[in-house]
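Below, each value reflects all heavy atoms present in this structure, side chains not excepted, and no hydrogens, waters or symmetry copies.
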Amino acid sequence: MASGAGRRRGHELVPLAALISREMKNEKMEKPSVRYGHAAQSRKGEDYFLVKTDCQRVPGNPSSTFSVFAIFDGHNGNAAAIFTREHLLSHILSAVPRGLGREEWFQALPRALVAGFVKTDKEFQSRGETSGTTATFVIIDAWTVTVASVGDSRCILDTQGGGISTLTVDHRLEENVEERERVTASGGEVGRLSIAGGAEIGPLRCWPGGLCLSRSIGDMDVGEFIVPIPYVKQVKLSNAGGRLIIASDGIWDALSSEMAAKSCRGLPAELAARQVVKEALRTRGLKDDTTCIVVDIIPPENSPPPSPLPKKPNKLRSFLFRKSSRDSANKLSKKLSAVGIVEELFEEGSAMLAERLALSTRLACC
């Protein structure tokens, strides 16, 4: 046996007790609490969602708990959305090497997400069904948020200072120039639906098949140009926390990211999700399945304040319970500190599978 026996992907395998001990020692900052709410209005019955708040990186260790939130917006039936909801999480977790410490686990997630999406797609296509689905899959572990997505079910982050970040990329051919170029460079055809007389109507689609999306899970009838390889982004919040809004296109076709975030500020997560759906229906009516999950990542009351910028001390509190500053200097300090409230850890959107897996391997070994 080679000298690398007893190692896996460059990491030593350690006893479970030692791993739990290491995890507890590494908890330098108390975890935030996670509160969530969900709301939906159905028109076609093809939207599905997943909420699981009791996952564990180290089995039997409560301090290693993480949460999963996901939305699956099916098309051409609901079979792909149901299958993906039932199998994607297990495929992702099975792709993470065992015995990893916390930081190594975070580094391994991008590769595992890609592998999980691809395996789920392959298994569903082997069933011979033509349904397809978007998938926006969110993992929250303490202050680190990792998002993987195909399709146009968006996830946004609203931070304490009012800054809004989009953690996904819409894979709509109408709006995504890079995806149009990828499809056509691969030999696919992008165009609108032609009707009698040669007129073209509707959004841009990929032919054969006529799908408006360039990435999805399923869709075995649309050819190899539609891929299941997700855009992946990983960010770390400051201990001021933040709010995630994860929703299907029934929301985003009616509301911009800014409108959705502003419509529900100051409300607890459950009421916030209902408010976003209500606002979308008020704006556009019920023209599609409309699903929204709001997740609040709330700092513990005794968490230390973020590092101040200039010499003024700075205390950021949860955006749900914002308190008035004592003077204008403190207000300025809060605004400045909000600028750097999110640290980007990883971002990759290539649709080339070999390239994605190679990149993830290099990161995991660093």
Could you give the distance from [atom1] ([X]) to [atom2] ([Y]), rounded to the nearest 0.5 Å?
{"X": "L113", "Y": "S149", "atom1": "CG", "atom2": "OG", "answer": "10.0 Å"}
{"X": "R284", "Y": "I251", "atom1": "CZ", "atom2": "CD1", "answer": "10.5 Å"}
{"X": "W143", "Y": "I297", "atom1": "CH2", "atom2": "CD1", "answer": "8.5 Å"}
{"X": "H171", "Y": "Y231", "atom1": "NE2", "atom2": "OH", "answer": "8.5 Å"}
{"X": "N78", "Y": "T84", "atom1": "CG", "atom2": "OG1", "answer": "11.0 Å"}
{"X": "Q275", "Y": "C292", "atom1": "CD", "atom2": "SG", "answer": "10.5 Å"}

Going hydrophobic residue to hydrophobic residue with side-chain gaps under 4.5 angstrom, can you get from [X] over to [Y]?
{"X": "V51", "Y": "V145", "value": "yes"}
{"X": "I226", "Y": "V118", "value": "no"}
{"X": "V222", "Y": "V227", "value": "no"}
{"X": "F346", "Y": "F106", "value": "yes"}
{"X": "I139", "Y": "F117", "value": "yes"}

If you measure from the Lys or Arg side-chain nitrogens to the Asp or Glu carboxylate oxygens, is any gap between [X] and [Y] under 4.0 Å?
{"X": "E344", "Y": "K233", "answer": "yes"}
{"X": "K287", "Y": "D253", "answer": "no"}
{"X": "K52", "Y": "D54", "answer": "yes"}
{"X": "D289", "Y": "K44", "answer": "no"}
{"X": "K262", "Y": "E258", "answer": "no"}
{"X": "R243", "Y": "D296", "answer": "yes"}
{"X": "R172", "Y": "E174", "answer": "no"}

Could you report the tightest heavy-atom contact between [X] and [Y], atom names first, then the distance?
{"X": "L237", "Y": "G242", "answer": "CD1-N, 4.0 Å"}
{"X": "S257", "Y": "W252", "answer": "CA-CZ3, 3.9 Å"}
{"X": "L173", "Y": "L204", "answer": "O-CD1, 3.8 Å"}
{"X": "A135", "Y": "I217", "answer": "CB-CD1, 4.1 Å"}
{"X": "D219", "Y": "N76", "answer": "OD1-ND2, 4.2 Å"}
{"X": "L100", "Y": "A108", "answer": "CD1-CB, 3.8 Å"}

- Message: Would you say the ring centers of F69 and Y36 fall short of 6.0 Å from each other?
- Response: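 Yes.
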
- Are F83 and F124 near enough that their ring centres are under 6.0 Å apart?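 For F83 and F124, the ring centres are under 6.0 Å apart.
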
- For the pair L167 and L244, evaluate side-chain contact (heavy atoms from CB on, under 4.5 Å) and give the outcome as yes or no after the intermediate values. CA-CA 9 Å; L167 303 184; L244 298 174; 3.9 Å; yes

- Item | D47, D73, T134 screened by side chain to side chain donor-acceptor pair (under 3.5 Å) with S248, the one that passes |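 Checked D47, D73, T134 against S248; only one passes side chain to side chain donor-acceptor pair (under 3.5 Å): D47.
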
- Classify the ring geometry between W105 and F66 as parallel (under 30°), tilted (30 to 60°) or perpendicular (over 60°).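 W105 vs F66 ring planes: tilted.
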
So do the side chains of [X] and [Y] get within less than 4.5 Å of each other, counting heavy atoms only?
{"X": "T144", "Y": "T146", "result": "yes"}
{"X": "V147", "Y": "F137", "result": "no"}
{"X": "L345", "Y": "V235", "result": "no"}
{"X": "F225", "Y": "E189", "result": "no"}
{"X": "C155", "Y": "I245", "result": "no"}
{"X": "V295", "Y": "R35", "result": "no"}
{"X": "T133", "Y": "S131", "result": "no"}
{"X": "R192", "Y": "R205", "result": "no"}

Whether the side chain of [X] engages the backbone of [Y] through a donor-acceptor N/O pair (distance < 3.5 Å, no angle test) should be reported.
{"X": "T136", "Y": "S153", "result": "yes"}
{"X": "N176", "Y": "E179", "result": "yes"}
{"X": "E123", "Y": "T120", "result": "no"}
{"X": "T166", "Y": "T168", "result": "no"}
{"X": "E178", "Y": "R180", "result": "no"}
{"X": "W207", "Y": "G188", "result": "no"}

- Message: Before you tell me yes or no, could you show the steps for R102 and D141 under side-chain contact (heavy atoms from CB on, under 4.5 Å), namely the whole-Å CA-CA distance, both residues' side-chain angles and the distance that decides it to 0.1 Å?
- Response: CA-CA 10 Å; R102 181 174 183 172; D141 189 335; 3.7 Å; yes

- Query: Do E270 and H38 meet the criterion of a side-chain donor-acceptor pair at a distance under 3.5 Å?
  - Reply: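 Not at all, the side chains of E270 and H38 share no donor-acceptor pair under 3.5 Å.
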
- Under 3.5 Å side-chain donor-acceptor pair for S263 and E279: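 There is no such pair between these side chains.
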
- Message: What verdict does the side-chain contact (heavy atoms from CB on, under 4.5 Å) test give for M220 and E129, after you've listed the backbone C-alpha separation in whole Å, the side-chain angles of each residue and the deciding distance to 0.1 Å?
- Response: CA-CA 7 Å; M220 65 172 296; E129 300 185 57; 5.9 Å; no

- Task: Under the side-chain contact (heavy atoms from CB on, under 4.5 Å) rule, what do T53 and V34 come out as? Steps first, then yes or no, please.
- Result: CA-CA 9 Å; T53 59; V34 174; 5.5 Å; no

